[in-house]
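Letters A, B, ... are given to chains in the order of the sequence lines, protein chains preceding strands, and every chain is numbered from 1.
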Amino acid sequence: MLNIALPKGRLGDKVYQLFSQLGCGCPELEQGGRKLVFENPEEGVRYLLVKPGDVAIYVEHGAADVGVVGKDVLLETRADVYELLDLGFGACRLAVAAKKGWQEDLSLPLRVATKYPNVAKAYYDSLSRRIELIKLNGSIELAPILGLSDVIVDIVETGTTLKENGLEVIATVAGSSARFIANKASYQFEKDTIDRICAGMRERI
Amino acid sequence: MYTELPKDEAVTLALQELFEHSGYVRYRMSSFESYDYYLANKSFLKGEGLVTFNDAFGRLLALKPDVTMSIVKNTKPETVSQKLYYVESVFRARREGGEVREIRQMGVESIGTIDAYAEAEVAVLAAKSLAAVGGETVLSIGDASFVAGLYDALGLSDAVRAKANEALGAKSAETLRTLAENGAGEALAQLAALCGKPDVTLERARALCRSRQMEDVVARIQGVCEALAAVCPDANVRVDFSLESDMDYYNGLVLQGFVRGVPQAVLTGGRYDPLMRKCEKPQSAVGFALVLDGLSRAFPKKREFDADVLLLYAPDTPPAAVARAAENLAAEGVVRAETRVPPGFRAGRTVTVLADGTITETEGSPC
């Protein structure tokens, strides 16, 4: 039985379609409802619906053999997993944004608000820039507007939310898109199955 | 063997027996070591923190974070050959969260002139160790010098090598492809896919060779695989040139062992001459460690009963009568002697021993 961690939400729906086309469908899952575990013994698959930010953790700890997760989450959690395929969709970038016209004061530590503290710290470490991290869980765009921080490090898709809040991107930290990942031990035991799914996905994206 | 013991303890005993039989001698390390030594060799500890404290004289000590480094430190430069094994706990502070973990591990280190057989011997011990754990296992064999050889041939800079190692550890062919231009990127991507049954994978590895050095590595790995096939024909061996291999640490053979049910590699090791050079030792060295934590979770003891026989006795029963009864019942399996039935206790059958030594069947009620 192959355990597949799917991120709840739009990305998960899209990923499930892909798995389904590869003959790993699960009619029970398509019916919806509040269940979190769906099984199709005939196809030998079990789907786990988890928060997008937790997919890599489930896979790293072997609760799921494979999963699909955004590169942004992988960069943040630094999960020790195989990143077998870039699925291409869910494309966005991790970027630094500030209020329009903001001027950086290099004599002070930079105050950075973000949901991605590890990514932000690694980025500013690479620039040798001293920072003060402010970890937020949502509505990050508010931070510079209210003077809570100088800049934010966050996911930017179209830039509309930034624009509407008077912010602009001042630097790109990394690109991101959905990745097909596998647990390193599971890969040893289920290599043929996982390679087959991976090859099937590669043909369809 | 040792069927009544929890898995990790049974494996400890089985491996001690295996290592002793193979001519390896037990090494015991001190619990505390000077912090300076580990600080000087911090890069070998793979980013995990040390647990440090001061002794009565204010000297900074570290709670043993690594056994191999201690063995290397204690190796005399004039030693021709030493084969050691250990059963030790090491302590590391996790990078995320910083909590201190105790990791129980066993391992072997072969130090001296490491020839083709010496590497094969350690690989065979690794395969036998996995067999002793039981269940479904995989032994993956790679080689850091094959990867380094390809990097050299492609002329990769240090910065690109670091990125390539990271991408290789994640088997991310796409990232590897973007790290170099023209055919070089494709060659790196192929490296990520060099993983599978020995014959096929070594054949594909030969096609990727760009130097005599790489061809020699393939021949050496083939020798290790043949040795494994000769003495461990049932071992599930894979060749994997994309094995995560820290090239500051390993310079040749790399080993990883997996047991179904444990989400990380339980066995890691390889040829670690760079550490020997850093510590100014002239010998070569190869070894592996097997992490015991997690084995008991992967192989839970499923028992229908807490004891096969619950032997009840009155507090004033002569000890000799109870001891004799327990001895006589031992053939039936696990025997537990109690004065009353412990709450929730599941016994195959319950008996009571009387003062005169007579045993009577009891209906599981307290006496």
Checklist outcome for this item: Between A:Tyr187 and B:Lys171 the two heavy atoms that sit nearest each other are CE2-CE, 3.5 Å

Checklist entry - By a 4.5 Å heavy-atom criterion (distance strictly below it), what part of B:Val259 contacts chain A: side chain, backbone, both, or neither? => result backbone

Item to check | Which portion of A:Leu85 sits near chain B, non-hydrogen atoms under 4.5 angstrom | outcome: both

Next on the checklist: Tell me if the OH atom of A:Tyr16 is crowded by more than 12 foreign heavy atoms within 6.0 Å.
Outcome noted: yes

Next on the checklist: At a 4.5 Å cut-off on heavy atoms, which part of A:Asp86 comes close to chain B: side chain, backbone, both, or neither?
Outcome noted: both

Item to check | Interchain contact, B:Arg260 with chain A, by part (heavy-atom threshold 4.5 Å) | outcome: both

Next on the checklist: Looking at B:Arg297, I want to see if its CZ is surrounded by more than 12 non-hydrogen atoms of other residues, nucleotides or ligands under 6.0 Å.
Outcome noted: no

Checklist entry - Can you tell me how far OH of A:Tyr82 sits from OG of B:Ser242, rounded to the nearest 0.5 angstrom? => result 5.5 Å

Item to check | Chi angles and distances behind the side chain to side chain contact (heavy atoms under 4.5 Å, CB included) call for A:Asp80, B:Gln264 | outcome: CA-CA 9 Å; A:Asp80 189 18; B:Gln264 310 86 20; over 6 Å; no

Checklist entry - Does NZ in A:Lys191 sit with more than 12 non-hydrogen atoms of other residues, nucleotides or ligands closer than 6.0 Å? => result yes

Checklist entry - Using a cut-off of under 4.5 Å for heavy-atom pairs, which of B:Ala167, B:Ala265, B:Ser140, B:Pro263 has the most such pairs with chain A? => result B:Pro263

Checklist entry - Can you tell me how far CZ of A:Arg202 sits from CD of B:Glu174, rounded to the nearest 0.5 angstrom? => result 6.5 Å

Checklist entry - chain A heavy atoms under 4.5 Å from B:Asn236: which part of the residue, side chain, backbone, both or neither? => result neither

Checklist entry - What closest approach, in Å, do A:Lys184 and B:Phe258 show between heavy atoms, and which atom pair accounts for it? => result O-CE2, 3.8 Å

Next on the checklist: Is it true that, when you exclude A:Lys135 itself, more than 12 heavy atoms of the residues, nucleotides or ligands shown sit nearer than 6.0 Å to its NZ?
Outcome noted: yes

Next on the checklist: Heavy-atom count check: over 12 atoms from other residues, nucleotides or ligands less than 6.0 Å from A:Arg129 CZ?
Outcome noted: yes

Checklist entry - For B:Asp199, does the CG atom sit with more than 12 other heavy atoms under 6.0 Å from it, leaving out its own atoms? => result no

Checklist entry - Counting heavy-atom pairs under 4.5 Å to chain A, which of B:Gly196, B:Ala193, B:Cys195, B:Ala173 comes out on top? => result B:Cys195

Checklist outcome for this item: Between the CZ atom in A:Arg179 and the OG1 atom in B:Thr175, the distance rounded to the nearest 0.5 Å is 6.0 Å

Checklist entry - Quick check: are there more than 12 heavy atoms from other residues, nucleotides or ligands sitting under 6.0 Å from CD of B:Glu136? => result yes

Checklist outcome for this item: Cut-off 4.5 Å, heavy atoms of chain A, and the answer for B:Thr137 is backbone

